[in-house]
Amino acid sequence: MDLFAQVLNEHGRTPPRLIDIVLEFESGEARLVASYSNGHRASVTVRPNDLYAICDRYSTWNLDRLGLALTNLGHMIYGQMVECRAIPIISAAQEPQDRRRPRGDQFHTTRWLAEWWNGPRSLRERRGSATSGRNAYDRGIRLLTENLSPSQRAQYERSGCFDVTGGDTGKRYRITQAYQMNILEFDKQGKRLKVLCFTPKGQLVLGDVMLAQKLALELFESEALAVANTIPARYHMFNYIT
Amino acid sequence: MHMGVQIVMDRKGDTRHEFDATDATAIALAKQRFEELTGLGFRAVALGKDGSPGELIRAFNPKVEQTLFIPQLQGG
């Protein structure tokens, strides 16, 4: 949470957008580095067993997919923190000790990740890849914001999420800044009912995913709901959000 | 000259195909692209002005200024 708390403290009223989270290895130490739209960067050290837990949780064992998972998770947490200006109830420090204890060959996995990172790819290649990824991300966000209504855009700029009215049912949904499990459905009283998860196929950037979700709910809601997976809102990991 | 643009969501953000909506050849190519993409499961949306929802379109219309192609949806 330190990745986000500092930025929120410094830019409370106008928090910058989280761009991405990458894993960097330096002097044998792994660090999570978060980049924001205002150029701010924040980093924290990540321990091998925490890194392994993330790989294990998302079943992802290469750096590209791990980066995607971290960014996805980061967007979700940051978006919700911005929305409610609160620190999550469940923090890493509160996780059961058993879950954080080293297991099996996790240190080998971490070493493998470090070797992969320090492998033959040149610095230029890494920079090129990062720039390309950033450009794609920016294009996606631009396309999204160009196609938000004025009220949705204001809400998105303020809190990283926006509300959508279902075209078929008139229900209210909230799309938060994440790739999946990021759509909240509200009942008529404004209470959170469930979390929906549907995404467009293909490895799209964040802005495209959110825009596809918005247009699907507004224009072909029934079709989107037919493929969506749902969980009751009370089971959502960010259950503290009002 | 009246320009139309077809915007296809992809991993680069999007790819844009502009065409002259007064040129019969350009229109034919745009129509072919429309049919290929919708045949692959993409949804075509005529984007609205100033963020209004726009309209889901099922047949190619050269008068639409901006058509956004959204890949098929799947449960997450």
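Heavy atoms only: backbone and side chains are in, while hydrogens, waters and symmetry mates are out. A quick note: this is a predicted structure, and the numbers were derived from the prediction, not measured. Each chain gets a letter, A, B and so on, in the order its sequence line appears, and its residues count up from 1.
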Subject >> Residue part contacting chain B, namely of A:Q213, when any heavy atom lies under 4.5 Å >> reply: neither
Subject >> Heavy-atom pair count under 4.5 Å with chain B, highest-scoring of A:D208, A:N229, A:V227 >> reply: A:D208
Original post:
So what's closer than 4.5 Å to chain A heavy atoms on B:E55: side chain, backbone, both or neither?
Top reply: backbone
**OP:** Would you mind reporting whether A:R139 and B:D14 have side-chain heavy atoms less than 4.5 Å apart?
**Re:** yes
Original post:
If you draw a 6.0 Å radius around CD in A:Q203, do more than 12 non-hydrogen atoms from other residues or ligands fall strictly inside?
Top reply: no
Original post:
If you tally heavy-atom pairs under 4.5 Å against chain A, which of B:R11, B:M9, B:Q66 wins?
Top reply: B:M9
Original post:
Between B:R16 and A:L143, what is the shortest heavy-atom contact and its length?
Top reply: NH2-CD1, 3.5 Å
**OP:** Pick one of side chain, backbone, both or neither for A:R153, based on which atoms fall under 4.5 Å of a heavy atom in chain B.
**Re:** side chain
Subject >> Atom pair CD1 (B:I7) and CD (A:E146), whose distance is rounded to the nearest 0.5 Å >> reply: 8.0 Å
**OP:** Heavy-atom pairs under 4.5 Å with chain B are the metric here; pick the option from A:G167, A:C197, A:A216 that has the most.
**Re:** A:C197
Original post:
So do the side chains of B:Q74 and A:F198 get within less than 4.5 Å of each other, counting heavy atoms only?
Top reply: no
**OP:** Could you have a look at B:S52, B:G41, B:G13 and say which one has the most heavy-atom pairs with chain A under 4.5 angstrom?
**Re:** B:G13
**OP:** Under 4.5 Å heavy-atom distance to chain B, tell me which part of A:L148 shows up: side chain, backbone, both or neither.
**Re:** backbone
Subject >> Heavy-atom side-chain contact between B:L47 and A:L215 under 4.5 Å >> reply: yes
Original post:
Between A:L219, A:T230, A:T145, which shows the greatest number of heavy-atom pairs under 4.5 Å with chain B?
Top reply: A:L219
Subject >> Option that, when pairs with chain B are counted at under 4.5 Å, heavy atom only, ranks first among A:G207, A:P150, A:G140 >> reply: A:P150
Original post:
Does any heavy atom of chain A fall under 4.5 Å from the side chain of B:L73, the backbone, both, or neither of them?
Top reply: both
**OP:** Taking the side chain as every heavy atom from C-beta outward, state whether B:L56 and A:E218 have any pair of such atoms under 4.5 Å apart.
**Re:** no
Original post:
Do A:N147 and B:L68 have side chains that get closer than 4.5 Å, going by heavy atoms?
Top reply: no
Original post:
Can you name the nearest heavy-atom pair linking A:P200 to B:P71, along with the distance?
Top reply: CB-O, 3.9 Å
